[in-house]
Protein chains: 2
Amino acid sequence: MAAVDLSTHPGHLARRLQQAHHLLWNAMVSEEITSPQFAVLNALIAEPGLDQRGVGERVRLDRSTVADVVGRLTRRDLLDKVRDPQDGRRALLRPTAEGRRVHRRLTVRAARMNEVLLAPLADEERALFLSLIQRVADAAERLRDPLAETVTPS
Amino acid sequence: MAAVDLSTHPGHLARRLQQAHHLLWNAMVSEEITSPQFAVLNALIAEPGLDQRGVGERVRLDRSTVADVVGRLTRRDLLDKVRDPQDGRRALLRPTAEGRRVHRRLTVRAARMNEVLLAPLADEERALFLSLIQRVADAAERLRDPLAETVTPS
DNA sequence: CGGAAATAGTCAGTGTGCTGATGAAATCTC
DNA sequence: GAGATTTCATCAGCACACTGACTATTTCCG
């Protein structure tokens, strides 16, 4: 008695969704490169030369996790990591040629995987689905970092 | 160039949602008991005497993870774990009195937390949000275990 | 009954994800 | 310019989460 229906708990559903995604990713995208690794690679293709802090901001990972993921990617020679000569604290990251190749290949496969994952939803529902999750996640992230509101000027 | 917009990737959004949830859980529900631990406890309050496999089925965790989580809960004396005398392979689990107390307390707090997490959505959107995630997760889980469809007869 | 197959649990190994402590480098301030 | 503060990275420690290998027990079947 007094037990709760977990299907009304967004946290539980989020975990299930992630599991489902993880499963499909392994089956349809890659067994070697994980989805967070792809996200990091993707951020560095968009902005080569970013440091770890910058990557973490873009893909929403904390410092420690970024260091781990970057470590794995550099070990596989998908990333180059060099000390910033201008600022000895920073490690500048950029994708290798191989990293760009892998990224290109996985991008295509990830698109196919997303199709399968979202197959149960009608077209209009898909956009809605994505925007609802994003609104909830955005709001919660804003709770964490107080302000930083509105558009950041150049 | 050729970088992807991760906000169109449900997997990435799922991870961000989970992170947001994790954060709020820590702040508003408990720093000691995690959300998966609560889920396991909840399953055993609904059905005391379940074995680990049964728990894993209910909360969607694999055998190894269930063993980990159950280990932590028994170490904290929130769960009792005894060998099934009828079937020596099984470990029968049931919540302790303390486990029930903790569960009751966290249930109230989790409800408050869910309110905050879903605050950015209007009432109708919340139900929609939950049902969309559930449909996607359900469908993906069905991909994993072929059949097992329809109602399982008594 | 007795061997083969199925089932429950454990263990080792890997990867994500967090916090908190530490160290190194840059910047700010007096 | 020297000391305090901030910033970037690393490390240890914990918790989830999966796979694959292994053990113990039970069940199934000849």
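Quick note: numbers below take in every heavy atom, side chains included, and nothing from hydrogens, waters or symmetry partners. In the text below, chain A, chain B and the rest are named by the order of the sequence lines, each starting its count at 1. Bear in mind that the values here come from a model prediction, so they are computed numbers and not experimental data.
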(request) From the options A:Leu44, A:Leu50, A:Val82, select the one residue that forms a side-chain contact (heavy atoms from CB on, under 4.5 Å) with A:Leu92. (result) A:Val82
(request) Would you mind telling me which residue lines up with the more 5' stretch of DNA chain D, B:Asp84 or A:Gln52, judged by nearest nucleotide? (result) A:Gln52
(message) Without decimals, in angstroms, what is the distance between B:Asp62 CG and C:dG13 P?
(response) 18 Å
(request) Would you kindly compare A:Leu61 and A:Gln86 by the position of their nearest DNA chain C nucleotide and give the one closer to the 5′ end? (result) A:Leu61
(request) Round to the nearest Å and state the distance from B:Leu17 atom CG to C:dG17 atom C1'. (result) 15 Å
(message) Could you measure the distance from the CZ atom of B:Arg135 to the CG atom of A:Leu118? Nearest 0.5 Å is fine.
(response) 11.0 Å
(request) For A:Arg83 and for B:His22, locate the closest nucleotide of DNA chain C by heavy-atom distance; then report the residue assigned to the nucleotide nearer the 5' terminus. (result) B:His22
(message) As a test of understanding, state which of A:Lys81, A:Glu57, A:Arg90 forms a side-chain hydrogen bond (donor to acceptor under 3.5 Å, both in side chains) with A:Gln52.
(response) A:Lys81
(request) Indicate, with a heavy-atom threshold strictly under 4.0 Å, whether A:Asn26 touches base, sugar-phosphate, or nothing. (result) nothing
(message) Can you tell me if B:Glu98 has over 12 outside heavy atoms packed within less than 6.0 Å of its CD?
(response) yes
Donor-acceptor pairs under 3.5 angstrom involving side-chain atoms of residues 21-32 of chain A: please list them, not counting sequence neighbours.
residue, atom, partner, partner atom, Å
A:Trp25, NE1, A:Ile33, O, 2.9
A:Ser30, OG, A:Glu32, N, 3.0
A:Ser30, OG, A:Ile33, N, 2.9

(request) Provide, to the nearest angstrom, the distance between the CD atom belonging to B:Glu141 and the P atom belonging to D:dA17. (result) 13 Å
(message) Base, sugar-phosphate or nothing for B:Asp87? Non-hydrogen atoms, less than 4.0 Å.
(response) sugar-phosphate
(message) With a 4.0 Å limit, can you tell me whether B:Lys81 has a side-chain N or O closer than that to the phosphate oxygens OP1/OP2 of C:dT10?
(response) yes
(message) Looking at B:Gln19, I'd like to know whether one of its side-chain N or O atoms comes within less than 4.0 Å of OP1 or OP2 on C:dC18.
(response) yes
(request) Give a yes/no answer on whether the side chain of B:Arg89 brings an N or O atom under 4.0 Å of OP1 or OP2 in C:dG9. (result) no
(request) Please report, rounded to the nearest Å, how far the P atom of D:dC8 is from the CG atom of A:Leu92. (result) 12 Å
(message) Can you measure A:Leu23 atom CG to D:dC18 atom P for me and round it to whole angstrom units?
(response) 9 Å
(request) Give A:Thr34 one of three labels, base, sugar-phosphate or nothing, depending on what nucleic acid heavy atoms sit under 4.0 Å from its own. (result) sugar-phosphate
(request) Starting from P on C:dG17, measure out to NE2 on B:His21 and report it in whole angstrom. (result) 16 Å
(request) Can you tell me the distance, in whole Å, between the CD atom of A:Glu31 and the P atom of C:dG13? (result) 20 Å
(request) For D:dA15, take OP1 and OP2 only and decide whether either is under 4.0 Å from a side-chain N or O of B:Gln37. (result) no
(request) May I ask you to evaluate whether A:Arg15 reaches the phosphate of D:dA17, defined as a side-chain N or O under 4.0 Å from OP1 or OP2? (result) yes
(message) Under 3.5 Å, is there any donor-acceptor pair linking the side chain of B:Ser64 to the base of C:dT10?
(response) no
(request) Check whether any side-chain nitrogen or oxygen of A:Arg90 sits under 4.0 Å from OP1 or OP2 of D:dC8, and answer yes or no. (result) yes
(request) On DNA chain D, check which nucleotide each of B:Arg63 and B:Asp68 is closest to and give me the residue with the more 5' one. (result) B:Asp68
(message) Looking at A:Arg94 and A:Asp80, would you say the former's side chain and the latter's main chain have a donor-acceptor pair under 3.5 Å?
(response) no
(request) Return the value, rounded to whole Å, for the distance between atom CD1 of A:Ile33 and atom P of C:dT14. (result) 16 Å
